[in-house]
Amino acid sequence: MNVGAPLPRSFFERDARVVARALVGAHLIRRIRGRGRKSEQGEVVARIVETEAYRGPRDAACHARFGLTPRTRALFGPPGHAYVFLIYGMYDCFNVTCLEEGKGHAVLVRAVEPIAGFGKRVRTDGPGRLTRALAITRAEFDGIDLCSVGSLSIAAPRERSKVETSARVGVAYAGAIAEAPWRFFDARSAHVSRPSRRMIGLGETR
DNA sequence: TTATCGATGGTA
DNA sequence: ACCATCGATAAA
């Protein structure tokens, strides 16, 4: 498939809110060695349809609130890199670091739409499901650079998406900041996560 | 369709 | 003792 070049570092050198909105519609490209035909070797492509912005130490929902720890090393690292963490003991969550080294900004990718290279039908709505579908693990991907052609990169959107916003999911513990409209999703996609589908008005069809 | 609950393990 | 989740199950 004709995938674009990786988004440049400058794309990610902005506030997480800006990057989160801009990433809706972008293509996530996962290359797996030794899988698929030689011409498009193991290239799995998915369209990002839902994201959330996490905005550093002063954001009570952001992991950066604990400061620099072994886990948040990548989160506080340079922009345009992956921050992958384990949640609930069994799911990996994929984030892209933003803004500037030391700021602790990142965008959580919460749902993607399968485009190419998926063998069987798999669900990719939900942060834990998409990492499983794309084989993105913390052991392999935490801290890697996303701005070069490699096992994981992101290409610019092809068309403009209709982006809607809402409060972030599962962060009620954070207090008032939990109400901030820092979730961004494609209002026309059937592959957004469950809470987003409800807002769009699509029924619970799966 | 919504609600509830258990799995599971790193992290603070 | 939490927790940026998911899948199974029950109830309606």
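Numbers restart at 1 for each chain; the letters A, B, ... are given by sequence-line order, proteins then strands. Note that these values count all heavy atoms, side chains included, but never hydrogens, waters or copies made by symmetry.
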Specify the separation, in whole Å, of atom CD of A/Glu52 and atom C1' of C/dT5.
12 Å
Output the rounded distance in Å from OH (A/Tyr83) to P (C/dA4).
10 Å
Taking the ring of A/His63 and the ring of A/Phe85, is the distance between their centroids below 6.0 Å?
yes
Between the CZ atom in A/Arg55 and the SG atom in A/Cys62, the distance rounded to the nearest 0.5 Å is 10.0 Å
The ring pair (Phe, Tyr, Trp, His ring centres under 6.0 Å) partners of A/Phe11 (sequence neighbours excluded) come to none
Nearest whole angstrom, please: distance from the C1' of C/dC3 to the CG of A/Leu108.
14 Å
At less than 4.0 Å, is any side-chain N or O atom of A/Arg132 found next to OP1 or OP2 of C/dC6? Yes or no.
no
Just the rounded figure in Å: distance from C1' of C/dT5 to CD of A/Glu50.
13 Å
Residue pairs fulfilling side chain to side chain donor-acceptor pair (under 3.5 Å) with at least one residue in residues 153-170 of chain A, sequence neighbours excluded:
A/Arg47-A/Ser161, A/Asp59-A/Arg168, A/Ser166-A/Arg183
A/Arg168 atom CZ is separated from C/dT5 atom C1', nearest whole Å, by 17 Å
To the nearest 0.5 Å, what is the distance between NE2 on A/His191 and CZ on A/Phe185?
15.5 Å
Protein heavy-atom contacts under 4.0 Å, written 5' to 3' over nucleotides 6-12 of chain B as B (base), S (sugar-phosphate only) or - (none), form the string -BBBSSS
Specify the separation, in whole Å, of atom CZ of A/Phe85 and atom P of C/dC2.
18 Å
Using whole Å, what does the distance between atom P of nucleotide C/dA8 and atom CZ of A/Arg123 come to?
10 Å
What is the separation between atom OH on A/Tyr54 and atom P on C/dA4, rounded to the nearest whole Å?
7 Å
From the options A/Ile136, A/Thr131, A/Asp142, A/Leu134, select the one residue that forms a side-chain contact (heavy atoms from CB on, under 4.5 Å) with A/Asp92.
A/Thr131
For B/dT8, which nucleotide in any strand shown is its Watson-Crick or wobble partner with both distances under 3.5 Å?
none
